[in-house]
Each structure stands twice: as C-alpha cells, then as structure tokens.
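A quick write-up on the structure given underneath.
Letters go in sequence order (proteins before strands), and every chain restarts at 1.
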Amino acid sequence: MKVVIKKYSHQKIERKWQKFWATQQIFKATADNHHPKYYALDMFAYPSGDGLHVGHPRGYTATDILARYHRMLGHNVMRPVGWDAFGLPAENYAIKIGQPPAKLTKANIVRFSKQVKSLGFAYDWNRELNTADPSYYKWTQWIFKILYDNGYAYQKEACVNWCPKDKTVLANEQVVDGCCYRCGAVVEQKNLKQWFFKITDFADELACHPDKLDWPESTKTGQKNWVGKSEGAEIEFKIKSEKSRIKVFTTRPDTLFGATYLVLAPEHPLIKRIVTKEQKHKIEKYIKDARLKSVLDRTVAKEKTGVFTGACAINPATESEIPIWVADYVVTDYGTGAIMAVPAHDDRDFEFATKHKLPITEVVESDQSKLPYVGHGKLINSGRFTGQSSQIAGADMAETFGGKITVQYKLHDWLVSRQRYWGAPIPIIHLADGGVRSVDVEELPIKLPTDVDFKPTGESPLALSKKFQSGVAKKYGKGARRELDTMDTFVCSSWYFLRYCDPHNATEFAGAESLKHWMPVDLYIGGSEHTNGHLLYARFIVKVLHKLGYINFNEPFLKLRHQGLILGTDGEKMSKSKGNVINPDEVIEVFGADALRMYEMFMGPFDQPLPWNTAGIEGVRRFLNRVWSLKPVAKAPETDRAIHKLIKKVTDDIEQMKFNTIVSSCMEFVNLAIDRGITKSALERLVMLLAPMTPHIAEEIYQKLGHKQSIFVSDWPKFDPKLLLEDSVTVAVQVNGRLRGTLSVSPTADEAEVEKLAIALPSLATHIEGKKVVKRHYVPGRIINLIVK
RNA sequence: GGGCGAGUGGUGGAAUGGUAUACACGAAGGACUUAAAAUCCUUUGCCGCAAGGCUUGUGGGUUCGACUCCCACCUCGCCCACCA
C-alpha cells in the first residue's frame, strides 16, 4: 500500500492542544469518590538558574504516561506540580549577581513553568505550590512548632559538619565523600549549638518497609543500611588511678577476654583527664593533626595512626591492665566514641596492634591458620566461659562484667538549622531567662525579613534585620529574641505531597478529608540520589504526624521508581564543564515535545542510565511522521487483527513501566499498517494507545478523525482475547536440540501431527536419515524437539 | 571492605526456560531528483565462495532445550564505607 510520508508541524499542534487542555481544565483534579483515586507525583523541581535539563523530562514523562493512562481508565487522577524554591544555589547565585534570591527564584519559576508547559505534562496547575511562599512555609513552620512542642525537635551543642565556603552547618546526609553536597568544599567539624529533629526515634520503623510498599529493593536496602542498626553491648572499663570509667560499644561482647587495649576517638572528652604528663605533648599534637584532616582523609587513610595516652584501664573480665590509646580510626559520632580492641578477632584492631606492637590474645577457636579470625566458634582463654559458643555467650558475658545489651544506629538525628538567609525561619523564641518556646500559632508565618544583607558570615543573616525582632519583646517579655537560623530546605520538601492534597487551605496544613481521599501517593518518581535524604525525611515527617494523630497513614509513597540518568553523547554524566549538556528547549524546537518524550522512553529501560543520541530522536520523529501520514482505508483485516495484540501489549507494558517496548511494538504495528493499510477504528485505537506518551499528535489525529471531545476523556481501548489467537503459527523444529527447520501449523495441531509434518521437512532429511525418534518434546505453537538415535 | 545492579551485533537495546540479535540508530548499495534534502526499496551478528560452522563477559553444572536457573570467577557502574 502506498503511503506518502509527510511531516507534521509540531509547533502548531503542540501549542494548540496545550492551550486547549488548559482552557478546558482537562487535568484539574477534583476529589471524586465514585472512581478509584490515583495520585501520581514527580519529585518536584528545584528551580535553578540553569533551567530544565533533559534529565527532568525522563521522570516526568513516565509519571505523565501513568497519569494519563489512569485518566483514560476512568480513574480520579491528581498530578500536581510545584517548586522546591528555598535553598543554597539560588542564594549563592543571588549573592554573586547582587540580587535578592526571592526575585531570582521568581524569575526561575517563570522560566521552568514555561519549559515544563512546553512538554505538555498533564499537571493540575490549580494546585501549584512554592515552598518559599509564606502561605506554604507557614505550615513548614507549624510542623517545626508541633515537633518542638511534642519533644521531636531540640537544640543541643554537638560536633557538626560545617561548610567553610557556604558558611553553614550541614546534615550528615548532605556530606558526600567529606564534601559539601552543594559547593564541594571540604567539610569541617565544629562544636556548635544547633537544632535537630529526633529522626532516630523512628530508626526501626524507617529501616523497615512494609509489604504494601512497592519500592526498588536497592532503595529499601539503601535506607536500611543508612539507618545501620547493630546489636551489641555497652561495657564499662575502669581507668587505673582515675575515678571515671570509659564506656565502649561492641557488637562482640563475647570477645571481651581478648580485649588487649582501648582506643578513644581524638574528640573523646576523657582524653584530657587521663593523659599522662610524658605523653601530653604527643597526644595534643595528634589530636590537632586529626582535626585538621578532612573527613575524607580520615576515612580512607591507608595506615592506622595513633598515640598512647600513658594511661591504663582494667579489663573487667581478665582484670589485667590494658593501655588506652587515641587513634582516628575510631570515630566520635558512632557508639560511645571509644572501643575495646580485640586484635585477634577484628581486622582493624589487628592491623593497629601489629603496627604498634600491642598484645594479641586469641579467645575464639578458629580453623584458619591466620589471624585475625572474625567469625564465631568455641571460646578459649575465656575463664569460666571457655568452651561455650561465642555466638551464645555474648549477652551473658556482658552482663557478668557489668555491661548491658544495647542497640546502636548509624543514623543520627537530623540537623535542621542553617546559618543562611534563603529558608524558612525557625519559629522559636529565646526568652530572657534562658528559656526556649515555640511561637504562638497565630503568629505564623514568621516572615523572612527583606531588610538584610544576605551574604553569609557564619551567623544567620537574619541577625542583621531590624524588623525581624520588632514586637517580640512586647509579646514574649523583655529580652525575648527570635531564633535567627532558618530551616534546611529538606524540611520544606518532606511534606509538600501533603499540601498538594489541599493547597489553598488557610487554617490547616491540609484538610483531613482531602488527605484521606488522596493520600498515600500511588506513584512517586524521582532520582535514586534521594534514597538517604528526601525519601527518609519524608517518611519520618509522615510518621511523626501519624504518631501525633494528624494523619491516618504512616507511609507516604506506595509505589516508588527511579529514573535512570541521561548521560551525554560521550557516555559521561552531563556537565557544563564537559560541554556535553543537551538543552531540551532546542530539542523541542527542532523535533517537538512528543518526539522528545517518546525518545526518552524509547532509549532503553526506564531505570537504567543511558547516553543521549541525537540520531535516535530523529528516528522517533520519523516514526511520528509515519503515524501522521496514515490515512484510513475501508478494509484492512491483518491490521484489524494486529491492533488487538497491540492493545494488550501496550496495556501490559504501561502497567510494568516498560516504556521502551511500548514504542517498539507501536513501530512494528505502524510498519504493518503502512504495508497493509489501516481502518479508521484501528487508527483511532492506535492514537489512543499513543496518547499517554505523545499526547499532542494523538489528540490532533483523534480530532481530525471527527471527535469533538478530548482523547483524554475517551475510554482506554479494550482488546478481544479471541482475536489474539492466530490462524496458523510457526513452530520451530529441533533435532537433538538444534534448530533444523520451521513449520507453519494450526495452533491447535496435536503433537503426533506436528511430528509427522516435521519429519517430512526436507531440511531435516540429512539429520534424521537412518535414525529413530526416541523421544520428543512439544510446546504447542512454539517448538518441537525430536531426539533421534 | 560491604550492599545493589549490569555485561547480548558497529551503537542504544529486545527476548526471564522454547526459532538469540525484535525495534531503532548507523553503514553499504539502489530508486526518485539537474542536484541535494526528504521519502521509498534491498542488504547488514561473526567466519566461509558455498555446504556448513560459530555466537549472549569467562569456566563449570542442571535440562530434551539456557541470554534466562544454579555454582565459581572476571569486568564495569551506582550507593554506602575505619560504624567497632
């Protein structure tokens, strides 16, 4: 059949339908109890000055496909959009060019909105939100307040991560390889008084993912490892000639008899008290050096260094004196910052003991010749415990020598205060008598002042505002002052999915009815880099709100998927410095939004990182031109049959998010349609199947076929299972497991009949001549394997 | 060091126990054109003139049959990491 391939004007039709959907409010979400609800969410964007990246549309398109598909299934769909507007990059850029971050952020949001709209996503713009808007951060502050009022937010002095370039503290989750996650500066450790959220109260819950959560296994184990639960014991060691004791944490209390020395982290407070005169100078120098080392240098150090304090402790089990050392292989922020070293049964202790000639005592029998042996076994040299199994004896031994069984987590409380301007002010008042309280709820929002120089100095820029403290003394008593730090932006983003349910509510963070209707999120798509940050924080906030009775669910995201990174054409991560960045605006200009959306789905499996290839998008655009050029004919039986298979395939693949094979199946179908023709009804169904992925061209063709309503209010096509069966099928014929020919038979042909036809095949002749079929294996409609001798 | 993935043509990939290399890109040849673009047709895993043989990182195993399942190893990617 002759089909003339014509190009379509994407500029014209894409703008046209975007406008149509907006004016018709096709994607406006209104709670409707008569249909199943479907809440589809992308991780909202940080509106940076660079604009949209080609990586953004990959995740957004996937969510969009599912949202539009569910709408066509008749479901009550919500697909909201918003902006994670507070944060360091906007502020740093603002400082650089000398403009207020509020102004810049506003301009960035305008730009992002325009770009996102040009991709034709099915967003409900009525629910658009912006975390830097007082009507939003009022409720971020309210969450801080109720956390504080219920004991989940507190202030303490602690050794914290400090970014010297951005001049602010950072959460543990924001330190990557010892560097600031934003600017890359080497992070320092400082003792500072800061605000924390008690995320550790929920450590066990966060480490566990109930069955109802359909999350990638890697994300679940990533979170579990980040929480890092270990069971063990705390054991106290008496210090010789000192009253105080050193408490250590160990997961192997069963090896107590083998503890031949103790090690303190360089930051340990007891060091000053126990160090002897002779060793004082050496220890002080070591501590100073350790503090100057970056976190990175300390964690990947090749050689273990350390210094003897001159002091000794008593091993409670052996009652012998053991030396106390200081070494930076022991970290201060895990366990008690002190360890009992058992060199015979721990790799690190063994390495250290060998280097510094410390005694090594074996207490677990091992069948391997070399030490250290870290496994379990029969205890030896262990007093009355000798002969017991190390696996069982631990708890008993700990208790016998005054220790207690405890649990340790790697997870730390979430440090949420920042000494920066562009964030939500912490709603706390410091009273004249040293007391602390949260602000009255009527006072919210505590607005971010504008009369400040927002350059970071290490102290919060809010200190420079004259207006910020006005009225505080009058309301809260003489000498009362507002807290000057702002909140980590991750606080803002840890509850935005709740606000989407009821974004204009002025009296609550979201109404109970709306939350009950829409939550939890049915599909959440975003980058896997948020595993141990945003996704953990969001689950924590939901669990707190649940515990305090504000919401009736304790997990926010039912189904989670991560989009793979789009790499440059060189296979490297896109970056300005490498010059391999693809600008989506230019791609849309040349090929259209539909082609970009489809190409990003066609590249390969959704969750895999894949390189960009400009020739690839040209191929997709060629395909769309071919779809555009299809003209209905009166009769096309083969295509009429094939469309049923396509409906099944596309439906199955959407459910499984196998977008790449949706595209290839549609290509195969269109190749057939061009060859054999297509009827109007098959063409209609084809464009309906394409509509979630390439909505503009689908809507245009649909309307051209004579429809007045949007394709997105039509019903998703159904297939007839009877038509999935073929009249005849090709059966592969194997002899002794090797392919020797094919047969075309009826799918209902029986085994004996197929064998008869197979043996008669000329291509089999040389392989079965003079031999006897001793066995056969037949898979109806697929393969027959003849075993001959 | 630990955890999680992944290794298939020149390239992105398809096939999750049943005809390996679908679909697309690229390449080569041809048609149309004064020419080019666009479009269409043909070829395209490797070796071989052919018959035929070989082929899913490597080696073994299970099976009538393995890219697919099992064991060991190698390589790459991501995440975590002196966590006691």
Side-chain angles (χ1 to χ4, degrees), chain A residues 2-7 176-177 216-222 224-226 228-230 232 248-252 255 263 265 298-302 304 327-331 333-342 345-349 351-352 374 408-411 528-529 531-532 562 564-565 567 571 599 602-605 607-620 622-623 625-626 629 658 660-671 674 730-743 766 774-788:
Chain A
K2 184 85 179 156
V3 176
V4 180
I5 304 302
K6 285 181 288 192
K7 280 195 197 170
V176 180
D177 289 339
E217 216 46 51
S218 57
T219 311
K220 290 193 281 187
T221 49
K224 200 178 160 200
N225 292 343
W226 187 261
K229 183 178 184 173
S230 9
V248 305
F249 173 75
T250 178
T251 53
R252 291 295 299 274
T255 61
V263 186
R298 272 178 71 167
T299 50
V300 298
K302 286 166 213 93
K304 287 186 176 37
D328 65 6
Y329 82 90
V330 173
V331 295
D333 60 357
Y334 182 77
T336 58
I339 61 152
M340 63 176 215
V342 185
H345 306 293
D346 181 279
D347 294 322
R348 296 149 301 183
D349 297 343
E351 189 192 327
F352 191 80
V374 298
Q408 273 296 329
Y409 297 94
K410 210 182 77 107
L411 183 73
S528 58
E529 69 275 18
T531 298
N532 295 329
H562 304 299
L565 219 56
L567 308 168
Y599 171 61
F602 184 50
M603 293 171 85
D607 55 359
Q608 257 177 50
L610 292 165
W612 183 268
N613 174 9
T614 303
I617 193 169
E618 284 171 14
V620 166
R622 273 200 282 271
F623 166 72
N625 287 340
R626 285 154 77 85
S629 308
K658 288 164 72 178
N660 52 329
T661 50
I662 293 177
V663 180
S664 55
S665 308
C666 289
M667 285 174 167
E668 278 177 280
F669 176 82
V670 169
N671 288 344
I674 286 178
T730 307
V731 171
V733 180
Q734 293 186 338
V735 177
N736 293 343
R738 309 272 294 178
L739 182 73
R740 297 299 180 193
T742 57
L743 270 181
T766 56
V774 294
K775 219 173 177 187
R776 68 184 172 210
H777 295 267
Y778 179 54
V779 183
R782 301 218 65 143
I783 197 162
I784 184 160
N785 188 6
L786 302 172
I787 311 304
V788 300

Any-strand Watson-Crick or G-U partner of [N], both distances under 3.5 Å:
N	answer
B:G5	B:C76
B:A15	none
B:A27	B:U43
B:U21	none
B:G59	B:C71

**Request:** Between A:Pro611 and A:Val176, name the one whose nearest nucleotide on RNA chain B is closer to the 5' end.
**Result:** A:Pro611
**Message:** If you assign A:Ser528 and A:Lys658 each to the RNA chain B nucleotide with the nearest heavy atom, which residue ends up on the more 5' nucleotide?
**Reply:** A:Lys658
Taking OP1 and OP2 of [N], is either one under 4.0 Å from a side-chain nitrogen or oxygen of [X]?
X	N	answer
A:Gln608	B:G13	yes
A:Arg782	B:U19	yes
A:Ser664	B:G13	no
A:Arg626	B:C40	yes

**Request:** Look at the side chain of A:Asn785 and the backbone N and O of A:Gly737, then say whether any donor-acceptor pair between them is shorter than 3.5 Å.
**Result:** yes
**Request:** Answer with yes or no after comparing the ring centroid distance for A:Trp612 and A:Tyr599 against a 6.0 Å cut-off, counting only values under it.
**Result:** yes
Heavy atoms only, 4.0 Å cut-off, all strands: where does [X] land among base, sugar-phosphate and nothing?
X	result
A:Glu529	nothing
A:Gly619	sugar-phosphate
A:Arg622	sugar-phosphate
A:Phe602	base
A:Ile339	base
A:Thr730	base
A:Asn671	sugar-phosphate
A:Thr661	sugar-phosphate

**Item:** Shortest side-chain distance from A:Pro605, nucleotide among B:A14, B:C4, B:U39
**Value:** B:A14
**Asked** Would A:Lys304 count as a cation-pi partner of A:Phe352, with NZ or CZ less than 6.0 Å from the six-membered ring centre and within 45° of the ring normal?
**Response** no
**Asked** Between the base of B:C64 and the side chain of A:Lys775, is there any donor-acceptor pair under 3.5 Å?
**Response** no
**Closest heavy-atom pair and its distance - A:Val263, A:Ala341** = CG2-CB, 4.5 Å
